[in-house]
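Below, chain A is the first sequence line, B the second, and so on; all start at residue 1.
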2 protein chains.
Amino acid sequence: MKTIKIITADDHPLFLKGLRDTLAEEPDFEVIDLANNGQQALEKIEKWQPDVATLDLDMPILNGIEVAKSILKNYPNIKIILLSMHKDTDIIRAAMALGIHGYVFKDDAVNDLVGAVRTVFGGENYISVDTNKKSFFLNNDNELIGELTKMEKLILREIANQKTTKQIADEHFISTKTVENHRANICKKLNLHGNNSLLKFAIKVSDSLV
Amino acid sequence: MKTIKIITADDHPLFLKGLRDTLAEEPDFEVIDLANNGQQALEKIEKWQPDVATLDLDMPILNGIEVAKSILKNYPNIKIILLSMHKDTDIIRAAMALGIHGYVFKDDAVNDLVGAVRTVFGGENYISVDTNKKSFFLNNDNELIGELTKMEKLILREIANQKTTKQIADEHFISTKTVENHRANICKKLNLHGNNSLLKFAIKVSDSLV
DNA sequence: AAAAAAATAGTGGCTAACCCTCATTTTTAA
DNA sequence: TTAAAAATGAGGGTTAGCCACTATTTTTTT
């Protein structure tokens, strides 16, 4: 039986140990290397070419999304599972839109991770949520953030960085009205409505905006 | 040789597993029970009367500080080690002032926890020293949050959950004006000014709100 | 070169959040 | 059992973001 080669990255040593031990309990899994941050994860994944990489979302230097982007682009055969504290639909949607294969909540990791590794290794996607929610995500074809233009992404990042419309306008030498138009267009594309909805969204997905 | 009896509490199963495994590797340590939240921790500590209890700071129902207070008051012989993500000097100072015996950063837990258990069991206090780690974890948001009243914390949580003033008012059967007053008082206590500053803050620290 | 998309800028209206002040009742603590 | 703290409620004002339009210039694509 072929073993599934895995590389695991997390910046909390104890969590990393827990992940490694959980995975190592499976006889057909082989944790070939570990990483403490995104940069190291990228290097080790490129060096070892594992079957599956499990990446923490919040890591120093490079976060999980940034590592995933690079891997997905250069090594499309390597399956990526993202681990996160956040059970946030918007972040999950953004991650899956990037082409990440699995999304596991850290709270559920001890139960779900082994299944997630087998699932993505088999070529399917895995999201650890209640089944009713799962179907919603898998059927959702909206690429959302991916549909934004360069300027719209820039402004979304600025909003996530707590900038006001006026600040953004001043710093980029454009009219506040232009910024407002971009805001409106972003809201339309992302189906956001109501008071401060864009600000809320921007802050929530700020990890995913690179 | 007498074994050191330990109870460990953490709301993240994988972290809890990591802690248990780390402690269980020591031949003279005995992890007699585990807990997933503060309430359970309190019950199990009272039931088993361990030598040492390691408590996560951020746990649902009761946080580590609250559990520690109760234990220290009723069972002064049980040693308490607090585990936290936050390298916040004010929190550490507050914890040690309460009479807590050890304070270990989760980042360093895999290296420091065994030593911490031996040290506090021997009757001394233990604080895991900041090695070369990232200083951006040092923020005083949590200290400020501690000064909020129950109602203010509740409303801050609701704001972090994307609720509007009207929604909060309706769901708790109080006037929107009351909610607005609480918002204003929270802003004062936290030194927040300007448009949507409270919303931004609430979303930012939503992980720390227990 | 023409068409499409993106970036630019504006008018005007609306609402939620912020900000200040004040007052009453309830709960907690000294 | 008082005094302090917390929770409740309100008036009145400012502002930033949302919303629905229209319109010109620049860039990209076909």
Side-chain angles (χ1 to χ4, degrees), chain A residues 90 142-206 209, chain B residues 65-66 69-70 73 98 141 143-206 209-210:
Chain A
D90 294 311
N142 300 345
E143 293 255 320
L144 291 168
I145 292 180
E147 283 178 8
L148 301 179
T149 67
K150 271 189 181 178
M151 201 63 190
E152 284 164 355
K153 279 183 189 169
L154 168 70
I155 285 177
L156 189 54
R157 277 200 300 278
E158 295 286 42
I159 297 170
N161 289 331
Q162 322 263 338
K163 302 274 179 69
T164 64
T165 291
K166 189 169 186 321
Q167 283 177 309
I168 299 169
D170 289 348
E171 287 170 25
H172 295 277
F173 309 107
I174 54 178
S175 161
T176 56
K177 271 300 161 186
T178 302
V179 178
E180 278 194 25
N181 284 332
H182 286 308
R183 293 185 86 120
N185 291 330
I186 296 169
C187 286
K188 268 183 195 164
K189 287 186 181 176
L190 302 183
N191 289 319
L192 298 173
H193 307 279
N195 208 36
N196 293 317
S197 54
L198 180 53
L199 176 64
K200 294 172 189 170
F201 179 86
I203 294 177
K204 272 198 302 184
V205 302
S206 58
L209 302 171
Chain B
I65 296 265
E66 291 170 304
K69 274 185 183 173
S70 176
K73 187 177 169 191
L98 280 175
D141 288 344
E143 185 211 358
L144 294 169
I145 291 175
E147 284 175 10
L148 301 178
T149 68
K150 270 190 182 179
M151 202 61 190
E152 286 163 354
K153 280 183 188 169
L154 168 70
I155 285 177
L156 189 55
R157 277 199 300 277
E158 295 286 41
I159 296 169
N161 289 330
Q162 321 264 340
K163 301 276 178 69
T164 64
T165 290
K166 188 169 185 323
Q167 283 177 310
I168 298 170
D170 289 348
E171 287 170 24
H172 295 278
F173 308 107
I174 55 179
S175 160
T176 55
K177 270 297 168 188
T178 303
V179 179
E180 278 193 26
N181 285 333
H182 285 308
R183 292 184 86 121
N185 291 330
I186 295 168
C187 286
K188 268 186 197 163
K189 288 187 181 176
L190 303 184
N191 290 319
L192 297 174
H193 308 280
N195 205 251
N196 293 314
S197 53
L198 181 54
L199 176 63
K200 293 171 189 171
F201 178 87
I203 295 176
K204 205 179 60 165
V205 303
S206 58
L209 301 172
V210 186

Original post:
What distance do Thr164(B) atom OG1 and Glu158(B) atom CD have between them, rounded to the nearest 0.5 Å?
Top reply: 10.0 Å
**OP:** Look at all strands and tell whether Ser197(A) reaches a base, only sugar-phosphate, or nothing, counting heavy atoms closer than 4.0 Å.
**Re:** sugar-phosphate
**OP:** Would you kindly give the CD1-to-P distance between Ile155(B) and dA17(C), to the nearest whole Å?
**Re:** 12 Å
**OP:** Could you tell me whether Glu180(B) and Arg183(B) have a side-chain N and a carboxylate O separated by less than 4.0 Å?
**Re:** no
Original post:
Where the side chain of Cys187(A) is concerned, which of dG9(D), dT8(C), dC19(D) is the nearest nucleotide?
Top reply: dC19(D)
**OP:** On DNA chain C, check which nucleotide each of Asn181(B) and Leu199(B) is closest to and give me the residue with the more 5' one.
**Re:** Leu199(B)
Original post:
Can you tell me how far P of dA7(D) sits from NZ of Lys150(B), to the nearest Å?
Top reply: 9 Å
**OP:** Report yes if at least one side-chain N or O of Thr165(B) is closer than 4.0 Å to OP1 or OP2 of dA17(C); otherwise report no.
**Re:** yes
Subject >> Protein-nucleotide distance (Phe173(A), atom CZ; dA9(C), atom C1'), rounded to Å >> reply: 18 Å
**OP:** Examine dA7(C): is either OP1 or OP2 under 4.0 Å from a nitrogen or oxygen in the side chain of Thr149(A)? Give yes or no.
**Re:** yes
Original post:
Rounded to whole angstrom units, what separation is found between the CG atom of Asn185(B) and the P atom of dT8(D)?
Top reply: 12 Å
Original post:
Atom CG of Leu192(A) and atom P of dC18(D): how far apart are they, to the nearest Å?
Top reply: 9 Å
**OP:** Hey, could you give me the OG1/CG distance between Thr149(B) and Asn185(B), rounded to the nearest 0.5 Å?
**Re:** 8.0 Å
**OP:** Provide, to the nearest angstrom, the distance between the CG atom belonging to Asn196(A) and the P atom belonging to dC14(C).
**Re:** 19 Å
Subject >> Spacing between Ile174(A) atom CD1 and dT8(C) atom P, to the nearest angstrom >> reply: 5 Å
**OP:** Rounded to the nearest angstrom, tell me the gap between atom NZ in Lys153(A) and atom C1' in dA6(C).
**Re:** 14 Å
**OP:** Kindly indicate whether the side chain of Lys200(B) and the base of dG17(D) share any N or O donor-acceptor pair separated by less than 3.5 Å?
**Re:** no
Original post:
Picking from dG12(D), dG17(D), dA10(D), which would you name as closest to the side chain of Ser175(B)?
Top reply: dA10(D)
Original post:
Nearest nucleotide by nearest heavy atom, which residue falls closer to the 5' end of DNA chain D, Thr178(B) or Leu198(A)?
Top reply: Thr178(B)
**OP:** Map His182(B) and Lys166(A) onto DNA chain D by nearest heavy atom, then report which one ends up closer to the 5' terminus.
**Re:** His182(B)
Original post:
About how many Å separate NZ of Lys200(A) and CG of Asn195(A), when rounded to the nearest 0.5 Å?
Top reply: 6.5 Å
**OP:** Please tell me if the side chains of Asp170(A) and Lys163(A) come closer than 4.5 Å, counting only heavy atoms from C-beta onward.
**Re:** no
Original post:
Any donor-acceptor pair under 3.5 Å joining the side chain of Lys177(A) to the base of dT8(C)?
Top reply: no
Original post:
Nearest of dA16(D), dT8(C), dA17(C) to any side-chain atom of Met151(A)?
Top reply: dT8(C)
